[in-house]
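The next block holds one structure in the form of structure tokens; read it before the comments.
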Amino acid sequence: MATHATTQDVHGHPALQHHFENMEQQREAGTLGMWVFLVTEIMFFGGMFLAYTLYRNQYPAAFASGSNHLDITLGTVNTAVLIVSSFTMALAVYFTQTGKLRPQVLCLGLTLVLGLTFLGIKAVEYHDKYEDHLIPGRLIPWNPFNPGVQEEGQPVDHHKLHLLSGKTVKHPVDATVKNVEMFYWIYFAMTGMHAVHMIIGAGLLMYLLIFSLRGRFDPEYHSPVEVIGLYWHFVDIVWIFLFPLLYLLGRHYLHG
Amino acid sequence: MQPIESFETPAPPKVNYINAQYGLKSWLLTKDHKRIALLYLVSITFFFFIGGLYALMIRLELLTPQGDLLQSTTYNKVFTQHGIIMIFFFLIPSIPATLGNFLIPMMIGAKDLAFPRINLLSWYIYLLGGVITIYALLAGGVDTGWTFYTPYSTTFSNSYVVATGLGIFINGFSSILTGLNFIVTIHTMRAPGMKWFRMPLFLWSHYATSLIMVLGTPVIAITILLLAFERLAKVGIFNPALGGDPVLFQHLFWFYSHPAVYIMVLPSMGVISELIANFSRKNIFGYSFVAFSSIAIAVFGFLVWGHHLFVTPQSVYAAMIFSFLSFAVAIPSAIKVFNWTATLYKSSISYDTPMLYALGFIGLFTVGGMTGLFLASLGVDVHLSDTYFVVAHFHYIMVGGALMGYLGGLHYWWPKISGRMYPEGWGRFSALVIFVGFNLTFLPQFVAGYLGMPRRYHAYPPEFQVFNVLSTAGASILGFGMLIPALYFVWSMRYGRHAEANPWHLPGLEWRTPSPPPTENFYETPIVTWDAYEFAPREETEVVGKFRE
Amino acid sequence: MSEHIVPVRVYLAIFAALLVGTGLTVAAAFFDFPWRLNTVVALSIATVKATLVVLYFMHVRYSIRLIWVIVVSALFWVGILFALTLSDYFTRGWLSTQTG
């Protein structure tokens, strides 16, 4: 004869929500929930990657020119910063699972600092674009898209665009300022969206840091650390694809 | 526990989810999925009336061939806003947010959804999106068509495109969170013994709907964002003059908006499965076929969006692929219709109001689906595109299909939700009035469209007037018919006959708890040992739950 | 289902691999491969890096099968978006023929 499970939970962890039977069910639900959310994020960024694919194939010279004007050093540093932050995030989860509070807090703090570093470097890059009049369209009404173009035989001015010819990239269409604007439109849309997600991630990390310091998370209950870790790693993965597609695509034409 | 025969009807408790706590705060800050369902019910009914008012204005204008009631720009705003309100603020949330929210935990034997606070957040996000959209409508409206095609929406329209887009964008998160909640709940919170293939088909169709919500909605989100930025910044992703392609917008837009129509109809199909099985007191014929068809519709629904682009510069080869796939997507829907019909055969049918709606659905959805196949044929679509044939086709699915399912489900589960019965005589009467009114409204539109009457025009050649007059007459009858349930549902909450726990005498898990249920749904976690539509006694079996204590 | 704790040395190895991958991709970017291989190389390295993050940092290697299904489905769905949309662009001669 089957017995009935009762709704009274005799040994409930203080973090157990009333509608779950036990912590294991709660944890599995939380992890599954975050993965389903990441699916929505993949589809969200997917739309922009599609636009990128289309227009890069349509205007390869323009995209290469625009890409070459981005600061590869800052871009590489940012990539490394995010990778380190992913590592410290994974360690934070590890230390929470093994009940080591101080390393847990340290790693969460490091992850946050690295995330903010990324955003700081991004801000520097955006400022440079602003200075060179490369913000697309009339997004900034008093500073429309109006970059200088590097002329043949003139001294090299790094604030000016060097437009590649179609011949260099083996394509009938030369790079024009109008098409390079398309590149910057996609650059700002994608890195901008990515930055928004980083900012949200930083906010989530602050929440984790505060509650970590209060000893809220232990080997029994650390779902938020794990789940926010998943989000952070996802944001890292988006950048892992953004970096080569935006910063590196035209570098091999430079000595052409 | 036995399917029906020998279980006791729990006596109606003094405390249920409605009277457990009083006060506005207890409702506005509730975590109870049943209360949230009611909050949604009130809000979507409000939006339905607004959308209905726009429909009234359309039908009044179209009574006469001249554009004499509204200016053409105003008419553009009216049909645009009719579409936006009805699709985003009524149809997409309707069944999942009301009946789904209320019933899913009960049908799987759980106390609530996996994330109750996210459920409440979902409602507030819906309200925020709705408020912003209403603001945009009142401030001056939007005239681009609910499809927002570029470059008109990005460059030439002088209406509130960005504000409306923002409202829809925010509303999308409500949809995503609901779908996320349902998926996690169905995976992790089923009661002991509730295997996947013991679940009522209502759950299968909501699971499939949730997959679409989660996979599709983010794409419309990014599309609206790109649209807004293009309009504000005057760049050119969708503008041919600046190097872009307007068809890219259409690809991105319809990648979501076609699966969206399955978001609107799949939950209704789930309701119909419940109604057909339960009101013919027979197990659904081909249960697993119907279950898999729900998933198939969700998957295939993502492969057909190009059929909205047949008359654009989209390549002929892509169009042929999309046409073929559009034929394929009809197959699982047809499988469901055949299985429902086979269920009815040699069964014991009772023609209560919910069953009337279910029978209406089968016929009307079949008409809608068939005419969809006509539109999926490339050559025929070139002739019928942007005519009233298309309008009639999708209204047969959305109103004849989705709305009928919603009304049928509301009537069926009303005793569980409110603890009262609705008046059966009035229920049957209004079902018939709605059926007649609906067909009178939209059947003439098939003919008018086939004969060439374009859609989205406020003036038309006089030879189409007879069809429009019939249509407007039908719309008046339809409107009257839908007013009646609105009135008697409210009436029944005070004066309706009290309902017992299982007024229809059915085996479903939701009928094993009082009407209305207590806040925690079940006094003890149920152990499920019977299949979804078992009407006969069976032997006891041992059961092991997934999460053992 | 018990929770698997990934040892620190695994994380360290993945971290090192990610940094190496980043260095590789930057170096490869300056080298002129024939045809479109630059893109292929860059995307391949990125895919490997992303896979390592997904499998080890995000614990998918140690997760239940449902999580694998979810990850693969998401990638498949983005694939649908790309494949069917690009099937339009590549077959109607829109790409590469404009004279800017």
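Below, chains carry the letters A, B, ... as their sequence lines are ordered, and counting in each starts from 1.
Only the side chain of A:I186 comes within contact range of chain B, judged by heavy atoms closer than 4.5 Å. Heavy atoms of B:L248 lying under 4.5 Å from chain A belong exclusively to its side chain. Proximity to chain B is limited to the side chain of A:Q17, based on heavy atoms less than 4.5 angstrom apart. Contact of B:R117 with chain A is made through the side chain alone, with heavy-atom distances under 4.5 Å. Neither the backbone nor the side chain of B:A110 comes within contact range of chain A; no heavy atoms are under 4.5 Å apart. Contact annotation for B:D245: both backbone and side-chain heavy atoms come within less than 4.5 Å of a heavy atom of chain A. Residue contact with chain A, scored on non-hydrogen atoms closer than 4.5 Å, involves the backbone and the side chain of B:I237 alike.
B:K234 is not listed as a side-chain neighbour of A:F145, based on a closest heavy-atom distance of 4.5 Å or more. Here the side chains of B:L180 and A:T40 are not in contact, with every heavy-atom distance at 4.5 Å or above. With a 4.5 Å cut-off on side-chain heavy atoms, A:H19 and B:P116 count as touching. The shortest side-chain heavy-atom distance between B:K111 and A:F20 does not fall under the 4.5 Å cut-off. With contacts defined as side-chain heavy-atom distances shorter than 4.5 Å, the pair A:F44/B:V219 does not qualify. Between B:L225 and A:M193, the closest side-chain pair of non-hydrogen atoms falls below 4.5 Å.
At a heavy-atom separation below 4.5 angstrom, chain B is approached by A:G47, A:M48, A:L50, A:A51, A:L54, A:Y55 within residues 47-55 of chain A. Chain B is approached within less than 4.5 Å, heavy atom to heavy atom, by A:P136, A:G137, A:R138, A:L139 from residues 127-139 of chain A, ordered by number.
In terms of heavy-atom pairs under 4.5 Å with chain B, the best-connected choice from A:G33, A:P144, A:G30 is A:G33. Of the listed residues (B:L232, B:L242, B:T217, B:L252), the greatest number of heavy-atom pairs within a distance under 4.5 Å of chain A belongs to B:L242.
For A:E181 (side chain) and B:V235 (main-chain N/O), no donor-acceptor pair under 3.5 Å exists by modelled atom type.
With rounding to the nearest 0.5 angstrom, the CD atom of A:E28 is 9.5 Å from the NE2 atom of B:H187. Here the straight-line distance linking atom CZ of A:F188 with atom CZ of B:F229 works out to 12.0 Å at 0.5 Å rounding. Note that CE of A:M43 and CZ of B:F302 are 6.5 Å apart. Values are rounded to the nearest 0.5 Å.
Closest of all the heavy-atom pairs between B:T188 and A:Q25 is O-NE2, 2.8 Å.
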